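Report on the following structure.
Predicted model only: the values in this text are computed from it and were never measured. Computed over heavy atoms, backbone and side chain alike; hydrogens, waters and symmetry mates excluded.
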Amino acid sequence: MGELKNPNKLATARTRLILDKPFLGALVLRLPLVAADPGWCKTATTDARKLYFNPEYVESLNVQETQFVLAKQALHCALSHFARRQHRIRQRWELACDYAVNPLLVQDGLKPPPGTPVDENFEGMTAEEIYRCIDEFDNEDSEREQASDSLGDEGASDPLQDGQTGQREAPPEPSGGADPEHDEDEAHELAPQPAELTAQQQEELSIQWQQRLAGAAQQAMQAGKLGGSMARMVDYMLQPKLPWRMLLAKYMTASARDDYSYARPSSRRGDPAIFPSLRSSQINVAVGIDISGSVDDKDVNEFLGEVDAIKGNMRARITLLPCDAELAEGAPWIFEPWEEMTMPGALKGGGGTSFCPVFDWLDVQDQHPDLLVYFTDGQGTFPETPPTYPVIWLVKGKQTVPWGQRVQLN
């Protein structure tokens, strides 16, 4: 019952991935494949340690679709989707993870099984961003029910319940290559549902998968077989995830460096010696806001609230510069340290995105800012050369920046 009628299908699918898609193939090799009890596993799922599959489901796929399933589950692991759900509703999160991964695999030339959820509107977005866009999970929606099965909602472990895939890792053999037939022999008992991962296990596995992601990407790049969409995804995942609030406070504190005053003290002190005294200075911070439509009001208000809280503690003067292809009408808005910082009503952008107007405006001012913070999705026209003052890009999405400090907002 736990054996496949065509046990070579998994081996063939994995071998083709290794040869044609070495990045995905290397990730797939990390997941031991185990036949699971159909009572809890309708399609395929993973706990980030093993891949559990329903033999009847795998039988229904051809080799190309099996490749997609294997690669999809491995990619869910490599992206640490199992550790990123946090407080989110499980089924809705799993669907968001599928919407994030499926376009990458389709763009890479893999063939998805029938009913696989793919929406071009979500291309380039993270699972967290997609989660906020999709409606609440609807059990009456047959397509989403099918998607949730493929995501592995039948798996109890929080880990990677998001995708249908089957794959396994090399048994303890010197060659390091796993033998699917051997795996299936071991799995014929039909594995029970695995226990849910603890927070510590999730953290440890997430680190392991990030290392595997980096290693697989390096091998694929050396072979010249890492596609553009996959390369951008890898670059995004391997960027240091810095807490942007702490980094922003650090930059603003550094810019508000205290200076010493050597002014002659009052003669009443009776001491002719002049000692330096610490004098706090006001800093000027420019804040660029992308209003082209890619950043929603909730994100902007949260960001401004954070800047407002920080500036109140260090005497920061804020110049607010909303911009799409040009500065917003009425801009800039200036807030003194004692003034509450709020958005000046509804700002309608909608044009193309260019960051140049903000820099052009700052260039003609008598004094450059101590720091520019730009809140954006990173999709737009950058100035050809960086300014002399420091720039922090708070980026929502996966876009890179040509210069300055990039901080991931998700």
Heavy atoms, side chains only, cut-off 4.5 Å: are Leu75 and Met230 in contact?
yes
Just to verify, what does Glu336 make a salt bridge (Lys or Arg N to Asp or Glu O under 4.0 Å) with, not counting sequence neighbours?
Arg317
Decide side-chain contact (heavy atoms from CB on, under 4.5 Å) for Leu27 and Cys77; before the verdict, give the C-alpha distance in whole Å, the side-chain angles of both, and the deciding distance to 0.1 Å.
CA-CA 9 Å; Leu27 295 177; Cys77 293; over 6 Å; no
What one should report as the nearest heavy-atom pair of Asn54 and Lys42 is ND2-O, 3.3 Å
Pairs of donor and acceptor atoms involving the side chains of residues 215-227, under 3.5 Å and at least two apart or interchain, shall be tabulated with distances.
| residue | atom | partner | partner atom | Å |
| --- | --- | --- | --- | --- |
| Lys225 | NZ | Leu19 | O | 2.9 |

Non-hydrogen side-chain atoms of Asp108 and Phe23 separated by less than 4.5 Å
no
Partners meeting salt bridge (Lys or Arg N to Asp or Glu O under 4.0 Å) with Arg132 (sequence neighbours left out):
Asp296, Asp299
Does a side-chain heavy-atom distance below 4.5 Å link Glu94 with His81?
no
Residues, nucleotides or ligands: over 12 heavy atoms within 6.0 Å of Glu204 CD
yes
Is the shortest side-chain heavy-atom distance between Cys323 and Phe359 below 4.5 Å?
no
Does the side chain of Leu190 come within less than 4.5 Å of Pro38's, by heavy atoms?
yes
Checking Val106 now: which residues fulfil side chain to side chain contact (heavy atoms under 4.5 Å, CB included) with it, not counting sequence neighbours?
Phe68, Pro112, Val118
Flag this pair as yes if the NZ/CZ of Arg212 is under 6.0 angstrom from the six-membered ring centre of Trp209 and inside a 45 degree cone about the axis; otherwise no.
yes
Pick one: which of Thr12, Leu17, Leu24 meets side-chain contact (heavy atoms from CB on, under 4.5 Å) with Gln67?
Leu17
Do Arg92 side-chain atoms and Ile134 backbone N/O form a donor-acceptor pair below 3.5 Å?
yes
Evaluate the ring planes of Trp40 and Tyr52, with Trp represented by its six-membered ring, and classify them as parallel (under 30°), tilted (30 to 60°) or perpendicular (over 60°).
perpendicular
Side chain to side chain contact (heavy atoms under 4.5 Å, CB included) filter on Gln379, not counting sequence neighbours, yields Asp377, Gln399
Please enumerate all residues that pass side chain to side chain contact (heavy atoms under 4.5 Å, CB included) together with Gln365, with sequence neighbours excluded.
Trp361
Do Ser80 and Leu213 touch side chain to side chain, with heavy atoms closer than 4.5 Å?
no
